[in-house]
Amino acid sequence: SAVISQKPSRDICQRGTSLTIQCQVDSQVTMMFWYRQQPGQSLTLIATANQGSEATYESGFVIDKFPISRPNLTFSTLTVSNMSPEDSSIYLCSVEHRGAVRGTQYFGPGTRLTVL
Amino acid sequence: GQNIDQPTEMTATEGAIVQINCTYQTSGFNGLFWYQQHAGEAPTFLSYNVLDGLEEKGRFSSFLSRSKGYSYLLLKELQMKDSASYLCAVRGTNAGKSTFGDGTTLTVKP
């Protein structure tokens, strides 16, 4: 399996500011994803982070609000821009790891964001 | 797109067996996954089915019927630590993305 770390683990931010979340994997992976999970709810896919090209966003999510970088096969960042209280959520990155059953996702520990 | 349904909550007794059902409607199918998520933690992989039938892994088994769009996760000899949310996820044929159900919160009581 892949070992995934995220920074920060949690943050409390003011409305209108931006926060960048980092995701680091201990091995090279092809597929990296960013999800949002609100308390008591399931995972909503924000985007697929593509190495060397623009991320692929799901319906309802746009690059201006959630810019994503993926400079190499082990690292990605998600920025939550111009935050509002509605952005309060847990943000998780996940990867598909070579050698695992194709499609199996391994998740980072998550970043708990509270916007005041 | 994908539509996934699973019960919101279930309760069972320690030592018993519980079956969590998942039905799905999909425009493309490339595997069904079950994940376990304890409160405050990230989801972890439990099982995978891509062909019809039963996959057994210790106390956990998962079943798939593609023609019926149906899967279940069977947990035997329940332990208190099995109290968690169980997420059913369907992997589509569009760029390898998976769609997650809303999860079933299982409470195991003594």
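Throughout, protein chains are lettered first and strands after them, A, B, ... in sequence-line order, and every chain is numbered starting at 1. Predicted, not measured: the structure shown is a model, and the values here were computed from it.
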Quick test of your reading of the model: are A:E96 and B:R91 salt-bridged, counting only N-O distances below 4.0 Å?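 Here A:E96 pairs with B:R91 in a salt bridge, since their nearest N and O are under 4.0 Å apart.
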Contacts with chain B made by residues 107-116 of chain A (heavy-atom distance under 4.5 Å), listed by residue number: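 Only A:F107, A:G108, A:P109, A:R112 of residues 107-116 of chain A have a heavy atom under 4.5 Å from chain B.
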When rounded to the nearest 0.5 angstrom, what is the spacing between [atom1] in [X] and [atom2] in [Y]?
{"X": "B:S85", "Y": "A:Q37", "atom1": "OG", "atom2": "CD", "answer": "7.5 Å"}
{"X": "A:Q105", "Y": "B:Y35", "atom1": "CD", "atom2": "OH", "answer": "4.5 Å"}
{"X": "A:E58", "Y": "B:K97", "atom1": "CD", "atom2": "NZ", "answer": "3.5 Å"}
{"X": "A:T104", "Y": "B:Y48", "atom1": "OG1", "atom2": "OH", "answer": "7.5 Å"}

Is there a path from [X] to [Y] through hydrophobic residues (I, L, V, M, F, W, Y) whose side chains come within less than 4.5 Å of each other?
{"X": "B:L73", "Y": "B:V18", "answer": "yes"}
{"X": "A:I68", "Y": "A:F75", "answer": "no"}
{"X": "A:Y91", "Y": "A:I63", "answer": "yes"}
{"X": "B:Y86", "Y": "B:I4", "answer": "yes"}
{"X": "A:V25", "Y": "A:L73", "answer": "no"}

Pairs where residues 61-74 of chain A contributes a residue and the test salt bridge (Lys or Arg N to Asp or Glu O under 4.0 Å) is met, not counting sequence neighbours: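 Applying salt bridge (Lys or Arg N to Asp or Glu O under 4.0 Å) to every pair that reaches into residues 61-74 of chain A, excluding sequence neighbours, yields A:K65-A:D87.
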Would one find more than 12 heavy atoms of other residues, nucleotides or ligands at under 6.0 Å from atom NZ of B:K57?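 Counting neighbours around NZ of B:K57, more than 12 heavy atoms of other residues, nucleotides or ligands fall under 6.0 Å, so yes.
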Heavy atoms of other groups near B:E77 CD, more than 12 under 6.0 Å: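 No, because the 6.0 Å sphere around CD of B:E77 holds 12 heavy atoms or fewer from other groups.
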Below 4.5 Å from any heavy atom of chain B, which atoms of A:Y106 appear? Answer side chain, backbone, both or neither.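 For A:Y106, there is no contact with chain B at all, as no heavy atom is under 4.5 Å.
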Side chain, backbone, both or neither: which part of A:L43 has a non-hydrogen atom closer than 4.5 Å to chain B?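 Looking at A:L43, backbone and side chain both touch chain B.
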Can you check whether B:G103's main-chain N or O pairs, donor with acceptor, with A:S42's side chain at less than 3.5 Å?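 Not confirmed, A:S42 side chain does not pair with B:G103 backbone.
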